[in-house]
**Q** 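Could you have a look at this structure, given as structure tokens, before my questions?
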Amino acid sequence: MLSTRGEAYAKAGLADGYIGPRNAQFDKDTKQGVVSFSNAENFLMQDVMLDYIRTQVVPSLDSTNLTYHEGPFGSTRLRAAMANLIATYFRPAMPISPEHIVFTNGVTSLNAICALSLTNPGDGILLGQPIYGSFTGDLRVPSDCQLIYTPFHGDDPFSIDAVARYEETFVKARDELGVAIRALLICNPHNPLGRCYSRETLVALLQFCHKYQIHLVSDEVYALSVYEEIDPTGGYVSILSIDPVPLGVDPALVHVLYGMSKDFAAAGLRLGCLISQNQRFLQAALSLSRFHWPSNVSCSIATAILEDRDFVKTFLQRSHQLLRSHRDLAARVLEEAGIPFSKGGVAGFFLWIDLSKCLDDAIATSQGGWAAELDLSRRLRHSGVVMSSGYAYHNEVPGWFRVIFSVEVEGLKMGLSRIIQLYHGSGDRLVSG
């Protein structure tokens, strides 16, 4: 007895992962419980952030935090603090002011706002493979748009060659499927590959979007979790740092999504922001923010953090050190065990590992590779490890999984040991060192 829209949400089951009994989490003293590599959070820095909030922020909260305050899109002071952070770390080519920023209760909400504002039902948003799996629920379910995924067939998805693959997919969707693509969505830094786009490739993507007059939405939630540079010119380049005007690209086509969840180890604050020069889009986002109102307590906490530039600097430095150390540990263990993984990652909290060797051939033959991957997910869970799989990330081939290394070191070692044991199918292989 629901509406068509209500039935669509009920069928989508977007809350399923949060409902039901929980497995006992790994206990480093007993070595028992499930190691979860499923949630991409910076667990390594949460104690530092929590201590700062308790000692530096909570005593300063006042009655305005219990009011509607300035409205549903973030206070002027918060948006100014974010604009200063962007100016410092994103190196924008065009000035970013508080008027270019809209806050909501998380980047998840911003994804929905982008889909609702930029597409009509049946229109398409272009993405690469693999990519963050929850875009499906965030974008398609609220707007009824279509997500059109681009295979790269062995080409480097971060190179200029990849732009031709995006164009092939765009043209096929338009000419063969009758789908009007309205936007290209990228993750930079990338989830789950942990790589960053070069300036050269970003310029080519801007020119591609200008050619077909589609929006370029850059999800940059891991912007300040770049723990290593490949070379002096490597690392993270924000799309904001490229001036679109000399390229003949309309600045109104370029948008960035950012938030506090990843870089600041504060997913529970539920704060994300849209940065755009497109005034009409911002007006739409301001209206939609009424339905995605961030807590004023969260906004005050974020304002205090962002305004304390010395704390931000030292926090990020420590975060980078820990992320690099844990990435190096995970990479070394995987290499010693002979488990392949995607190389070149310099950002985020994860490695993209190849467990296709463990797929059940009989299931793959009778039911297909993705059924075999689901079976492998179940076997991993039975072994005490939970991870996101390639199917969830729209990978081109089955058998790949995302390992989160930004967890407590004993849990990381045990989780990797259990993966290695399943991979080699014999005895205990505990990770040490």
Side-chain angles (χ1 to χ4, degrees), residues 40 125-133 135 147-173 181 183-212 214 216-223 225-239 241-242 247 249 254 256 327 330-331 334-335 339-356 369 388-403 405:
I125 295 177
L126 191 63
L127 308 98
Q129 293 180 278
I131 201 164
Y132 175 59
F135 280 142
L147 302 187
I148 307 298
Y149 292 94
T150 300
F152 296 103
H153 303 296
D155 288 342
D156 181 354
F158 300 90
S159 70
I160 288 185
D161 293 338
V163 181
R165 295 298 188 184
Y166 279 119
E167 187 163 20
E168 288 174 8
T169 304
F170 177 94
V171 172
K172 180 179 180 180
I181 302 291
L184 166 65
L185 174 57
I186 63 172
C187 292
N188 182 36
H190 193 273
N191 179 6
L193 299 179
R195 294 177 60 188
C196 302
Y197 288 87
S198 68
R199 182 173 296 272
E200 183 182 37
T201 300
L202 290 172
V203 166
L205 289 172
L206 282 167
Q207 292 171 329
F208 161 70
C209 290
H210 171 74
K211 177 179 179 179
Y212 293 104
I214 63 174
L216 175 55
V217 181
S218 183
D219 179 339
E220 303 190 5
V221 295
Y222 293 99
S225 295
V226 180
Y227 48 80
E228 185 175 288
E229 291 191 352
I230 299 173
D231 56 59
T233 61
Y236 165 69
V237 177
S238 173
I239 198 73
S241 70
I242 301 173
L247 302 174
V249 176
V254 184
V256 165
R327 188 285 311 267
L334 291 168
E335 286 174 345
I339 298 178
F341 60 94
S342 179
K343 299 301 187 354
V346 297
F349 314 146
F350 27 73
L351 292 174
W352 192 235
I353 69 172
D354 181 7
L355 300 183
S356 57
S388 297
S389 69
Y391 180 81
Y393 282 71
H394 299 273
N395 202 42
E396 293 184 49
V397 294
W400 290 74
F401 289 79
R402 190 184 70 166
V403 168
F405 56 72

**Q** Could you point out which residue of F350, Y227, Y236 forms a ring-ring contact (aromatic ring centres under 6.0 Å, His included) with Y222?
**A**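 Of all the options given, the one that passes is F350.
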**Q** Using the side chain to side chain contact (heavy atoms under 4.5 Å, CB included) rule, take I186 and L202 through it: C-alpha gap first, then chi angles, then the decisive distance, then the call.
**A** CA-CA 10 Å; I186 63 172; L202 290 172; 3.9 Å; yes
**Q** What are the two closest heavy atoms between I214 and I181, and how far apart are they?
**A**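 Closest heavy-atom pair between I214 and I181: CG2-O, 3.2 Å.
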**Q** Under 6.0 Å between ring centres: does that hold for Y212 and Y166?
**A**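 Not close enough - the centres of the two rings lie 6.0 Å or further apart.
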**Q** Applying side chain to side chain donor-acceptor pair (under 3.5 Å) to R195 and S342, what does each step give before you reach the verdict?
**A** CA-CA 10 Å; R195 294 177 60 188; S342 179; 5.7 Å; no
**Q** Looking at residues at least two apart in the chain, or sitting in another chain, which of them share a ring pair (Phe, Tyr, Trp, His ring centres under 6.0 Å) with H394?
**A**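 H394: ring pair (Phe, Tyr, Trp, His ring centres under 6.0 Å) contacts with Y149.
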**Q** As an exercise, state the distance from CG of L351 to CD1 of I339, rounded to the nearest 0.5 Å.
**A**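 Here the interatomic distance stands at 11.0 Å.
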**Q** When the aromatic ring centroids of W400 and Y393 are compared, is their separation below 6.0 Å?
**A**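 That pair fails the under 6.0 Å test.
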**Q** Take V226 and C196 through the test side chain to side chain contact (heavy atoms under 4.5 Å, CB included) and record every step on the way to the result.
**A** CA-CA 9 Å; V226 180; C196 302; 4.3 Å; yes
**Q** Taking ring pair (Phe, Tyr, Trp, His ring centres under 6.0 Å) as the definition, give me every residue that meets it alongside Y132, ordered by chain and number, with sequence neighbours left out.
**A**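 Testing Y132 for ring pair (Phe, Tyr, Trp, His ring centres under 6.0 Å), a comparison that skips the adjacent residues, returns F135.
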**Q** Can you name the closest pair of heavy atoms from C187 and Y197 and give their distance?
**A**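 Shortest heavy-atom contact: O-CE1, 3.3 Å.
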**Q** Do T201 and S198 have side-chain N/O donor and acceptor atoms under 3.5 Å apart?
**A**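 Note: T201 and S198 side chains meet the donor-acceptor criterion.
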**Q** Can you name the nearest heavy-atom pair linking P157 to L193, along with the distance?
**A**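 What the structure gives for the nearest pair is CG-CD1, 4.4 Å.
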**Q** If only atom types and distance count, is the side chain of H190 paired as donor or acceptor with the main-chain N or O of P130 below 3.5 Å?
**A**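 Such a contact is found between H190 side chain and P130 backbone.
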**Q** Minimum heavy-atom separation for I239 to E220, with atom names?
**A**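 The answer is N-OE2, 3.2 Å.
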**Q** Tell me, do I242 and L247 make a side-chain contact under 4.5 Å, heavy atoms counted?
**A**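 The answer is yes; the side chains approach within 4.5 Å.
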**Q** Under 3.5 Å, side chain of E167 to main-chain N/O of F208, donor-acceptor pair present?
**A**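 Side chain of E167 to backbone of F208, a donor-acceptor pair under 3.5 Å: no, none is there.
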**Q** Before giving the answer on side chain to side chain contact (heavy atoms under 4.5 Å, CB included), spell out for W352 and N395 the whole-Å C-alpha distance, their side-chain angles and the decisive distance to 0.1 Å.
**A** CA-CA 11 Å; W352 192 235; N395 202 42; 3.8 Å; yes
**Q** Can you check whether L127's main-chain N or O pairs, donor with acceptor, with T150's side chain at less than 3.5 Å?
**A**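 The answer is yes, because a donor-acceptor pair under 3.5 Å joins these two groups.
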**Q** Between C209 and L216, which heavy-atom pair has the shortest distance, and what is it?
**A**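 Closest pair (atom of C209, atom of L216, distance): SG-CB, 3.8 Å.
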**Q** Within 45 degrees of the ring normal and closer than 6.0 Å to the centroid, is that where the cationic atom of K172 sits relative to F170?
**A**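 Judged by the rule (NZ or CZ under 6.0 Å from the ring centre, within 45° of its axis), K172 is not positioned above F170.
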**Q** Using modelled atom types only, decide if a donor and an acceptor are shared between the side chain of D156 and the backbone of D161 within a distance under 3.5 Å.
**A**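 No, D156 side chain to D161 backbone: no donor-acceptor pair under 3.5 Å.
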**Q** Does E200 CD have over 12 foreign heavy atoms under 6.0 Å away?
**A**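 Open: at most 12 neighbouring heavy atoms sit under 6.0 Å from CD of E200.
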**Q** What's the separation between atom NZ in K343 and atom CD in E335, rounded to the nearest 0.5 Å?
**A**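 Between K343 NZ and E335 CD, I get 5.0 Å after rounding to 0.5 Å.
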**Q** Could you tell me which non-hydrogen atom of V346 sits nearest to which non-hydrogen atom of E228, and how far apart they are?
**A**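 What the structure gives for the nearest pair is CB-O, 3.0 Å.
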